[in-house]
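Working notes, structure below.
If you're wondering where the values come from, they're calculated on a predicted model, not measured in any experiment. Below, all heavy atoms of this structure are taken into account, side chains as well, without hydrogens, waters or symmetry copies.
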Amino acid sequence: MGIINRTPDSFYAPARHASVDSAIDRAAAMVAEGVCIVDVGGVRAGQEGEWVDAAEEIDRVRPLLTALRRELPELLTSLDTWRAEVADACSGLIDLVNDTWQGADPELLGVAARTGAGYVVSHTGGLPPRTDPVSVAYDGGVVADVLRVLADGASRAEAAGLAPSQILVDPTLDFGKTTLHSLALVAATGRIVDLGYPVLQAISRKDFVGETLDLPADERLEGTLAATAIAAWQGATVFRAHDVLATRRVLDMVASIRGDRPPVLSLRGR
């Protein structure tokens with residue numbers, strides 16, 4: 001899952017695209033690098049930066065999603081939003097609703113079900129959208145809380161009419177979590193996989209990687225790829241990534257070591 005942000009202030013500058021043409025060019029490059037899904041966002045995740053209302057968010061994302069359907073019709077598209085109004089305005093243009101704020105808008109799941117889109121169940125500890133975590137703690141531990149919330153959210157999605165294959169579960173690293181929480185959740189990816197739904201891991205260049213290694217966003221690739229390999233080995237199947245080519249190569253290598261993908265060549269020693 002490649003990341004394209006229609007925001008002027010997202011934390012990683014290379015993912016920002018001011019124009020639709022620039023975003024389309026990047027999406028086409030991602031396809032060549034091995035991407036399967038492109039996730040389009042119109043609002044910065046954290047509390048820094050300007051407030052963006054629903055009308056502005058729609059103006060940012062809908063023209064790009066329309067262009068992606070026209071220019072790259074085989075590409076799966078995902079919309080990163082917590083607002084039902086925004087998803088409804090993009091009906092017919094998206095294959096997946098990436099609800100990154102744990103159902104903050106209770107109508108959003110219904111939009112996904114009504115339009116036939118898939119749905120991402122997330123865990124943010126109950127924080128409102130665009131709230132950075134402060135003094136976060138979970139009774140019983142973060143892994144147990146994440147497993148409970150994701151299982152409950154997936155059950156609600158099934159009750160709304162989505163098939164299990166349309167439901168992704170995402171532990172939502174950094175959102176409502178300390179760095180130690182996010183590290184524990186990467187290590188516990190296998191337990192999330194055991195819930196029985198496809199697992200999305202959004203690791204790319206996040207703050208928990210930066211704090212672990214004391215690095216700024218533009219120097220977090222190696223840490224991101226290490227965490228990606230660990231999560232992939234345990235069975236996560238979708239990875240939200242800024243660095244598509246590097247991530248694709250890591251995932252292919254992990255899959256080959258696991259025995260899920262044959263090597264492209266096997267000539268050595270013959």
Side-chain angles (χ1 to χ4, degrees), residues 1-5 12-15 17 22-40 68-69 71-78 95-96 98 118 120 163-171 173 182-206 208-210 212-213 215-270:
M1 175 187 280
I3 301 167
I4 293 181
N5 288 319
Y12 186 54
H17 293 274
S22 169
I24 289 291
D25 288 346
R26 178 58 187 141
M30 286 180 176
V31 170
E33 292 170 351
V35 86
C36 301
I37 309 167
V38 163
D39 191 46
V40 175
L68 286 170
R69 274 287 190 260
E71 301 296 332
L72 298 167
E74 302 302 314
L75 178 66
L76 296 176
T77 54
S78 170
D95 301 293
L96 182 68
N98 185 7
V120 177
S165 61
Q166 292 180 286
I167 302 164
L168 277 67
V169 292
D170 176 6
L173 309 175
S182 293
L183 291 170
L185 287 164
V186 173
T189 297
R191 295 181 63 186
I192 302 168
V193 170
D194 287 343
L195 292 173
Y197 301 92
V199 173
L200 166 64
Q201 282 283 24
I203 296 168
S204 188
R205 297 183 180 269
K206 281 194 167 177
F208 86 94
V209 177
T212 298
L213 301 176
L215 293 172
D218 61 356
E219 296 182 27
R220 297 174 186 171
L221 177 58
E222 296 90 347
T224 294
L225 296 179
T228 296
I230 289 168
W233 181 260
Q234 295 180 70
T237 51
V238 181
F239 291 83
R240 188 173 182 272
H242 298 95
D243 306 279
V244 171
L245 182 59
T247 302
R248 177 79 269 167
R249 288 173 175 170
V250 166
L251 296 177
D252 285 349
M253 192 68 186
V254 170
S256 294
I257 295 169
R258 281 171 50 104
D260 300 328
R261 171 189 178 273
V264 175
L265 299 173
S266 184
L267 304 176
R268 182 174 174 79
R270 289 190 175 184

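Separating the CG atom in L75 from the CG atom in L68 is a distance of 6.5 Å, to the nearest 0.5 Å. Once rounded to the nearest 0.5 Å, the distance linking CG of L168 with CE of M1 reads 6.5 Å. We find the CD-CZ distance between Q234 and R191 to be 11.0 Å, quoted to the nearest 0.5 Å. Rounding to the nearest 0.5 Å gives a distance of 9.5 Å between CG of L213 and CZ of F208. From H17, atom NE2 reaches atom CD1 of I3 across 10.5 Å, with rounding to the nearest 0.5 Å. To the nearest 0.5 Å, atom CG of residue L183 and atom OG1 of residue T212 are 4.0 Å apart.
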Residues 241-248, side-chain donor-acceptor partners within the protein, below 3.5 Å, at least two apart:
residue	atom	partner	partner atom	Å
H242	ND1	S204	OG	2.6
D243	OD1	R205	NH2	3.1
D243	OD2	R205	NE	2.9
D243	OD2	R205	NH2	3.3
T247	OG1	D243	O	2.7
R248	NE	D252	OD1	3.3
R248	NH1	G34	O	3.4
R248	NH2	D252	OD1	3.1

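Here the closest non-hydrogen pair linking G2 and V35 is N-CG2, 3.2 Å. Heavy-atom minimum distance, A202 versus D170: N-OD1, 4.3 Å.
The neighbour count for R249 CZ, taken as heavy atoms of other residues, nucleotides or ligands under 6.0 Å away, does not exceed 12.
With sequence neighbours left out, the side-chain hydrogen bond (donor to acceptor under 3.5 Å, both in side chains) criterion links D39 to S78, N98, R240. Under the side-chain contact (heavy atoms from CB on, under 4.5 Å) criterion, V193 pairs with T189, V199, sequence neighbours left out.
A donor-acceptor pair under 3.5 Å links the side-chain atoms of S256 to the main chain of R261, judged by distance alone.
L173 has its side chain within reach of Q201: a pair of non-hydrogen atoms, C-beta onward, lies under 4.5 Å apart. Side-chain atoms of L215 and V209, non-hydrogen and from C-beta on, never get closer than 4.5 Å to each other. A heavy-atom distance below 4.5 Å is not found between the side chains of T77 and L72. The closest side-chain heavy-atom distance from M30 to I4 is below 4.5 Å.
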In sequence, state the C-alpha distance, the side-chain angles, and the governing distance for Y12 and N5, and then conclude on side-chain contact (heavy atoms from CB on, under 4.5 Å).
-> CA-CA 9 Å; Y12 186 54; N5 288 319; over 6 Å; no
Starting from the C-alpha separation in whole Å, work towards a yes-or-no answer on side-chain contact (heavy atoms from CB on, under 4.5 Å) for L96 and L76.
-> CA-CA 8 Å; L96 182 68; L76 296 176; over 6 Å; no
